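Everything below concerns the one structure shown next.
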There are 2 protein chains.
Amino acid sequence: MNISQAAEQTGVSAKAIRYYESIDLIAPARRAGNGYRDFNDNDIHMLRFVARARGLGFSVAEVSDLLALYQDHDRASAQVRGMAQGAISRIEEKIAELQSISTVLSDLVERCQGDDRPNCPILDDLAGGA
Amino acid sequence: MNISQAAEQTGVSAKAIRYYESIDLIAPARRAGNGYRDFNDNDIHMLRFVARARGLGFSVAEVSDLLALYQDHDRASAQVRGMAQGAISRIEEKIAELQSISTVLSDLVERCQGDDRPNCPILDDLAGGA
DNA sequence: TATAAGGCTTCCAGTTACGGGAAGGTCAAG
DNA sequence: CTTGACCTTCCCGTAACTGGAAGCCTTATA
């Protein structure tokens, strides 16, 4: 299977696949006689794993660890669980931060008329900080 | 005032100040006889504006627009309000996305024993996607 | 069969918003 | 006069790719 088919079947762009290969996240694909990459079912499987893990917010470095754990059949599930919990913590923190920002912005928007006049509490706030 | 004092008073690092100057976000600071940047009260004011806007999640490009609006005393408040609302929308979207990710991860963690054994629903899910 | 379109390859550059660090000038203190 | 703390500019590195150029390969069509 050529790279564009692999991309289509996994949701990982051809560019991204080459990138993942270049940073050794995934094993280099077999090459056909013409030099084209040739992907097999296992390659597709791995790419889907990567796509799903990335989609769940794991960094590429973390995905690398997860792949190693996935391929190590003697791993302890605690390790994977720990990584997932770490990811959850970071996500929760980010959510809290975004929510507090959103609150501030919403308050500002509420106090701003939003008409043709120049008076704008939003800019006043940015300027004054108070 | 030298750059390190300006940094301290605004919460913007010296590196960031030079960067903002280099990309024309802020006006180049006056130079003292020795070539050092010399910041005045207005510079500090502008840097604080930038710091606060960045802290509220506006991109540097957006801060540039906000600064222009701030300095244009004939601006319409509607424009600033619109930008703030756009920022809020993006933030809300991001929050929703993070929350759905967090939910999925939490479900997975819950189903994972997290012990010394290799059985791990988290990896199973990443692999199978189902 | 010639050729044009499209896919594949590699490599380089750009993205965001800076931080780190090198090489070298400047300033205040002892 | 030297030390150490500033300051300057310049270049590299970050995360995770995307876009584009230059140049093969393949397939379809005239």
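Nothing here was measured: the structure is a model prediction, and the numbers come from that model.
Atom-to-atom, CZ of A/Arg18 to P of D/dG19 comes out at 13 Å; the value is rounded to the nearest Å. Atom C1' of nucleotide D/dT26 and atom CD of A/Gln5 are separated by 13 Å, given to the nearest angstrom. For the pair A/Arg90 CZ and D/dA15 P, the computed distance is 13 Å after rounding to whole Å. If you take CD of A/Glu8 and P of C/dG7, they are 11 Å apart, rounded to a whole angstrom. One interatomic measurement links the two molecules: CD1 of B/Ile17 to P of C/dA17, which rounds to 17 Å at whole-angstrom precision. The distance between atom CZ of A/Phe58 and atom P of D/dA15, rounded to the nearest whole Å, is 18 Å. Computed from coordinates, the A/Asp24 CG to D/dA16 P distance equals 15 Å when rounded to whole Å. Atom pair B/Leu25:CG and C/dT16:P shows a separation of 13 Å (rounding to whole Å applied).
With hydrophobic clusters built from ILVMFWY side chains whose heavy atoms lie under 4.5 angstrom apart, B/Tyr19 shares a cluster with B/Phe49. In this structure, A/Ile91 is a member of the same hydrophobic cluster as A/Ile101, with clusters built from ILVMFWY side-chain heavy atoms closer than 4.5 Å.
Across C/dG19, D/dT8, D/dT18, the shortest atom-to-atom separation from the side chain of B/Ile3 is found for D/dT8.
Close to D/dA15, at under 4.0 Å from its OP1 or OP2, lies no side-chain N or O of A/Arg54. One finds no side-chain N or O of B/Tyr19 lying less than 4.0 angstrom from the OP1 or OP2 phosphate oxygen of C/dT16. Under 4.0 angstrom from either OP1 or OP2 of D/dC6 there lies no side-chain N or O belonging to B/Arg37. Taking only side-chain nitrogens and oxygens, A/Ser13 never comes nearer than 4.0 Å to OP1 or OP2 of D/dC17. Look at B/Ser59 and you won't find any side-chain N or O under 4.0 angstrom from OP1 or OP2 of C/dT16.
Using a cut-off of 4.0 Å between Lys/Arg side-chain N and Asp/Glu carboxylate O, B/Asp43 and B/Arg37 are scored as not salt-bridged. Looking at A/Glu21 and A/Arg30, no side-chain N of the basic residue comes within less than 4.0 Å of a carboxylate O on the acidic one, giving no salt bridge. The pair A/Arg81-B/Asp115 does not meet the salt-bridge criterion, since no charged nitrogen lies less than 4.0 angstrom from a carboxylate oxygen.
The local environment of CG in A/Asp116 is sparse, with at most 12 non-hydrogen atoms from other residues, nucleotides or ligands closer than 6.0 Å.
If you take CD1 on A/Ile17 and CZ on A/Phe39, they are separated by 5.0 Å, rounding to the nearest 0.5 Å. The CG atom of A/Asp38 sits 11.5 Å away from atom CD1 of A/Ile3, with the distance rounded to the nearest 0.5 Å. Of the inter-residue distances, the one linking A/Cys112 atom SG with A/Arg117 atom CZ reads 10.0 Å to the nearest 0.5 angstrom.
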Q: Apply salt bridge (Lys or Arg N to Asp or Glu O under 4.0 Å) to B/Glu62 and B/Arg90, showing your working.
A: CA-CA 13 Å; B/Glu62 287 170 328; B/Arg90 286 193 296 281; 2.4 Å; yes
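The stretch residues 29-36 of chain B touches DNA chain C through B/Asn34, B/Tyr36, each having a heavy atom under 4.0 angstrom from the strand.
When the local axes at the two ends of the helix from C/dT1-D/dA30 to C/dG30-D/dC1 are compared, using 5 base pairs at each end, they differ in direction by 30° after rounding to 10°.
Take the nearest nucleotide of DNA chain C for A/Ser4 and for B/Val60: the residue whose nucleotide is more 5' is A/Ser4.
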